[in-house]
Amino acid sequence: MSQEPPRRTQKEKEPIKYGDIFNVSGDLASKTVAPQDAAMMQTAESMVLGQTQKGGPAAVMQSAATQNERAGLVRHDEATDVAGNEGVTVTETDVPGRRIITESVGGQVIGQYVKPVPVAQQAAVGGYKQQNTISIGEALEASAQTAGDRPLDLSDAAAIQAAEVRATGSNVIVPGGLAATAQSAAAHNASTDREQDKIKVSDVLSGATAKLPADKAATMEDAQGVVGAEMRNNPDMVLRPGGVAASVNAAARLKENMNVNT
């Protein structure tokens, strides 16, 4: 299902819109593809499918958003109101012999494809099952993929601590746990000049689920707590695309959408 955004010349000032690259209609079709939209879809794909799909909707959105940003038509921290308010979703439905992946923005499907799976591997109930909710630990692991190459800073550490508190239900920072490790990494990076010597997000968050003493499905209340912690500790007061708060927020939106549709 590989798609490519249309090429634009330097003289053209019109941004790439959703209607240019996907078969969508209404308000969404006229919306400019924004960097934060692409980041949310990358996070959702990583959480549900284990990685961003080559040539999939997230990759197409990222390419279009990058072109729009380079042309000065959108800001790096910008998101459309449709994606921001109504969310992006990736759902996985198993039926005998195949898995149906559906990806949507603001309730409109922008990509759907089928993956064959052995029937013996399925644990279908009543003929099919939908993707389970995403835990906070899984959301942290997703951010290790989407933002893993970036040096971990104070805002990341604050968000990780808030996520750990939400996952465990305890305000006590576990020695050697994710929050403690993230705080040490942020302090190390703040006093380190060379980029190659800094500790990356993936160094701390890879395998996050196993490092948490307890875990739970991410809720919107959890997401709000993590978002607040990250923004308060970011000088620009913005969320990092594909970062910790964005990943937990995407996980919570997926849970909320599944509850609405069940």
Side-chain angles (χ1 to χ4, degrees), residues 1-6 16-68 74 78-95 98-117 122 128-135 138-139 141-143 145-147 217-218 220 223 239 241-243 246-262:
M1 60 163 289
S2 177
Q3 305 176 59
E4 292 185 0
I16 300 173
K17 301 176 182 177
Y18 277 95
D20 297 328
I21 57 177
F22 297 118
N23 183 24
V24 294
S25 59
D27 191 34
L28 179 62
S30 64
K31 295 295 183 181
T32 297
V33 183
Q36 284 288 344
D37 294 16
M40 284 191 286
M41 185 58 80
Q42 284 181 315
T43 299
E45 280 192 4
S46 294
M47 286 190 295
V48 175
L49 306 176
Q51 61 183 1
T52 299
Q53 302 301 292
K54 184 177 181 180
V60 175
M61 288 170 65
Q62 183 61 59
S63 179
T66 298
Q67 290 188 45
N68 287 338
V74 293
E78 189 170 338
T80 64
D81 54 352
V82 174
N85 296 332
E86 301 179 46
V88 305
T89 61
V90 177
T91 59
E92 184 180 47
T93 303
D94 286 351
V95 296
R98 64 189 188 279
R99 178 172 296 131
I100 303 171
I101 311 297
T102 304
E103 305 193 31
S104 306
V105 175
Q108 290 199 53
V109 175
I110 62 171
Q112 188 171 63
Y113 43 101
V114 178
K115 289 186 176 182
V117 293
Q122 298 192 38
Y128 72 94
K129 67 173 182 178
Q130 286 197 329
Q131 170 69 22
N132 292 327
T133 54
I134 308 299
S135 74
E138 290 170 329
E141 290 179 359
S143 64
Q145 296 184 35
T146 55
M220 290 308 298
L239 297 185
S247 294
V248 176
N249 190 51
R253 284 189 178 279
L254 285 172
K255 181 178 187 298
E256 191 173 64
N257 286 325
M258 288 171 195
N259 289 339
V260 169
N261 294 325
T262 54

Q: Output the distance between atom CG (D20) and atom OG1 (T32), rounded to the nearest 0.5 Å.
A: 9.0 Å

(Q) Is there a side chain to side chain contact (heavy atoms under 4.5 Å, CB included) between M61 and Y18? Walk through the geometry before answering. (A) CA-CA 8 Å; M61 288 170 65; Y18 277 95; 3.4 Å; yes

Q: Please assess D37 against E78 for the test side chain to side chain contact (heavy atoms under 4.5 Å, CB included), listing each intermediate value before the final yes or no.
A: CA-CA 8 Å; D37 294 16; E78 189 170 338; over 6 Å; no

**Q.** Minimum heavy-atom distance Q112-T102, with the two atoms named
**A.** NE2-OG1, 2.7 Å

Q | Intermediate values then yes/no, side chain to side chain contact (heavy atoms under 4.5 Å, CB included), I101 and V114 | A | CA-CA 6 Å; I101 311 297; V114 178; over 6 Å; no

Q: Give, for atom CD1 of I100 and atom OH of Y113, the distance between the pair rounded to the nearest 0.5 Å.
A: 12.5 Å

Q: Indicate yes or no: at least one non-hydrogen side-chain atom of P57 is less than 4.5 angstrom from one of E45.
A: yes

Q: Considering only NZ, NE, NH1 and NH2 on the basic side and carboxylate oxygens on the acidic side, decide whether D81 and K31 come within less than 4.0 Å.
A: yes

Q: Starting from the C-alpha separation in whole Å, work towards a yes-or-no answer on side chain to side chain contact (heavy atoms under 4.5 Å, CB included) for L28 and V105.
A: CA-CA 8 Å; L28 179 62; V105 175; 3.9 Å; yes

Q) Between CG of D27 and CD of Q108, what distance do you get to the nearest 0.5 Å? A) 9.0 Å

Q.
Is it the case that the side chain of N68 and the backbone of I16 share a donor-acceptor pair, with hydrogens and angles ignored and the cut-off at 3.5 Å?
A. yes

**Q.** Distance-minimising heavy-atom pair for T43 and A250
**A.** CG2-CB, 3.8 Å

Q. Atom CD in E141, atom OG in S46: separation rounded to 0.5 Å?
A. 11.5 Å

Q. To the nearest 0.5 Å, how far apart are CD in Q36 and CD in Q42?
A. 10.5 Å

**Q.** Exam field: side chain S63 to backbone A59, donor-acceptor pair closer than 3.5 Å
**A.** no

Q.
For the backbone of G107 and the side chain of S104, can you confirm whether one donor and one acceptor N or O come within less than 3.5 Å of each other?
A. no

**Q.** Shortest non-hydrogen contact between V74 and P35, atoms and distance
**A.** CG2-CD, 3.6 Å

Q) Atom CD1 in I110, atom CG in N23: separation rounded to 0.5 Å? A) 11.5 Å

**Q.** Closest non-hydrogen atom pair, A218 against A251
**A.** CB-CB, 3.8 Å

**Q.** Minimal non-hydrogen separation, A223 against V248, with atom names
**A.** CA-CG1, 3.9 Å

